[in-house]
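Read through the structure below, which is laid out as structure tokens, and then see the notes.
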2 protein chains.
Amino acid sequence: MGLRERKKVQTRNALIDAALELFLTQGYDATTIDQIAARVDVSPRTFFRYFSSKEEVALSPPADSQEIFLAEFAARPESESPYTALSQAMRAMIGTLRDKEPAEAERFMRARQLVEETPHLLAGQMRLLMDNEKRLVAEVARRQGTDTGDLLPQFVVSIFTGLGMVCYTSGPQGFDIMAKRLDDVLKLADRSLRPGWDLAAAAVSSPATG
Amino acid sequence: MGLRERKKVQTRNALIDAALELFLTQGYDATTIDQIAARVDVSPRTFFRYFSSKEEVALSPPADSQEIFLAEFAARPESESPYTALSQAMRAMIGTLRDKEPAEAERFMRARQLVEETPHLLAGQMRLLMDNEKRLVAEVARRQGTDTGDLLPQFVVSIFTGLGMVCYTSGPQGFDIMAKRLDDVLKLADRSLRPGWDLAAAAVSSPATG
DNA sequence: TAATTTATGTCACTGCATGACAGATGACAA
DNA sequence: TTGTCATCTGTCATGCAGTGACATAAATTA
């Protein structure tokens, strides 16, 4: 990796860290791009060459973690039912984040705290989630052998997204507490959902449409 | 109702209609506040006296419909379980919207279409949803006799919100198709969820934490 | 009609975001 | 090392969103 590329990574991380620091201390709205840029000694224009908006710099860690989740999900064995694969992918994601180098893991936690206390960012994160939802639905449909347009895969993904929100919205905390919370929610889900609810068979047994 | 008050309602509706018209034809981003204001013959500054942001004018109908939903939910009889009450409130909301005068019903449908095809607005609507979620969780907890901090009421609300999203994200359509879609999703939920899953008893029967 | 309240318009200003252009800096070959 | 090329950065100019201050116009009330 050349010097140029290393510098870019460095600047990018510096911008994220500076932004998170200012957002968390002064608040998101009260912080200007100029302040963030000044702290990293770059021009405001340069900031926008790394991030397309003020929102994006704050949501950059969450976006990364979602990518990780999607990768983990795609890597789950075919033997797992859609919902099981989703749950396991979520656990795997938390583990992957925890095992990163401290500086990076710290960024994820700080961003998480910021997003939670800033409604605008929470909305933005939901948008990220919905952007990925299509990919998720497609993969679930594939595992079920159903069509992407079917109600069932969308249903499964929506239920799961709901669970994710519950364990996400629960105050500042570390990865371990987050994992514990996820376990609790998944246990609750196991008690609430019928076995095989996420498999196509249940839907197929219904009479033809119309 | 005095002349002044009537004029305000009139201007407000005119602004919403002009905004929706421009947003739907030119796109949300390509439309400026100046254009909207010009179409209603008011100054741009006046626009911001009616709506605090460009986003708010577009989300005004969805915000209203959510208020209707909350009112319907609060009015459901105590005999209904939390989830049943939520489902019935949703059906009631669609009915209430359909029965409004055509001009107003039209606004809801147009806004719905706009929100669906504009990611930024979809995110904004999710924020509205989450703003109301606290109220919803509190009411569900009250019906269950559980604490607002408990996992169960949050779980129930999240599951339901997920269902709502499924039936919301499904292409441009009228109230009837929307109601049909809701029915399908609720049927699917009935097949997937264990009886009594939304009642406190199920959680209480689990062994003590730890 | 006169006095009061309230809505609206104008003006000025800050912040976010983008395009264009020039200069600085790293990459690479001779 | 040097020269060339690609790329990153800073400066400048611009448009749009959103807000505060103040004056004006209109509706309300007496």
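In what follows, every chain begins at residue 1, and chains take the letters A, B, ... in the order their sequences are listed.
- For residues 14-26 of chain A, the salt bridge (charged side-chain N to carboxylate O under 4.0 Å, His left out) pairs, not counting sequence neighbours, are Asp17(A)-Arg107(A), Glu21(A)-Arg110(A).
- A search for salt bridge (Lys or Arg N to Asp or Glu O under 4.0 Å) contacts involving Asp99(A) returns nothing, not counting sequence neighbours.
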| remark: Counting primed atoms, P, OP1 and OP2 as sugar-phosphate and everything else as base, the B/S/- map of nucleotides 23-30 of chain D against protein heavy atoms under 4.0 Å is ---BBS--

With 3.5 Å as the limit, what N/O pairs link the protein to nucleotides 3-5 of chain D?
none

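- Thr25(B) places a side-chain N or O within 3.5 Å of a backbone atom of Leu22(B) that can act as its donor or acceptor partner.
- Contact check of residues 39-55 of chain A against DNA chain C (heavy atom, cut-off under 4.0 Å) returns Arg45(A), Phe48(A), Arg49(A), Ser52(A), Ser53(A), Lys54(A).
- Side chains of Phe175(B) and Arg112(B) form no contact here, defined as non-hydrogen atoms less than 4.5 Å apart.
- Running 5' to 3' along DNA chain C, contacts with non-hydrogen atoms of chain B at under 4.0 Å begin and end at dT5(C) to dT10(C).
- Side-chain atoms of Val156(B) and Gln144(B), non-hydrogen and from C-beta on, do get closer than 4.5 Å to each other.
- Of the residues in residues 115-129 of chain A, none lies under 4.0 Å from DNA chain D by heavy-atom distance.
- Between His120(A) and His120(B), the two ring planes are tilted [angle within 30° to 60°].
- Each salt bridge (charged side-chain N to carboxylate O under 4.0 Å, His left out) pair with one or both residues in residues 143-157 of chain B, not counting sequence neighbours, appears once here: Glu139(B)-Arg143(B).
- Between Leu163(A) and Tyr83(A) there is a side-chain heavy-atom pair separated by less than 4.5 Å.
- With salt bridges taken as basic N to acidic carboxylate O contacts below 4.0 Å, none links Glu72(B) and Arg76(B).
- Applying the salt bridge (charged side-chain N to carboxylate O under 4.0 Å, His left out) test to pairs two or more places apart or on separate chains, none has a residue in residues 28-40 of chain B.
- Atom CG of residue Asp64(A) and atom CD1 of residue Ile16(A) lie 7.0 Å apart, to the nearest 0.5 angstrom.
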Which side-chain N or O atoms in residues 123-138 of chain A pair as donor and acceptor under 3.5 Å with protein atoms at least two apart or in another chain?
residue: Gln125(A); atom: OE1; partner: Tyr168(A); partner atom: OH; Å: 3.1
residue: Arg127(A); atom: NH2; partner: Glu55(A); partner atom: OE2; Å: 2.9
residue: Arg135(A); atom: NH2; partner: Glu67(A); partner atom: OE2; Å: 2.9

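- The closest donor-acceptor contact from the side chain of Ser60(B) to the backbone of Glu56(B) lies at 3.5 Å or more, if one exists at all.
- Contacts with DNA chain D (heavy atom under 4.0 Å) in residues 18-33 of chain A: none are found.
- Looking only at distances, no side-chain donor or acceptor of Glu104(A) sits under 3.5 Å from a matching main-chain atom of Glu101(A).
- Lys187(A) pairs by the side chain to side chain contact (heavy atoms under 4.5 Å, CB included) definition with Asp184(A), not counting sequence neighbours.
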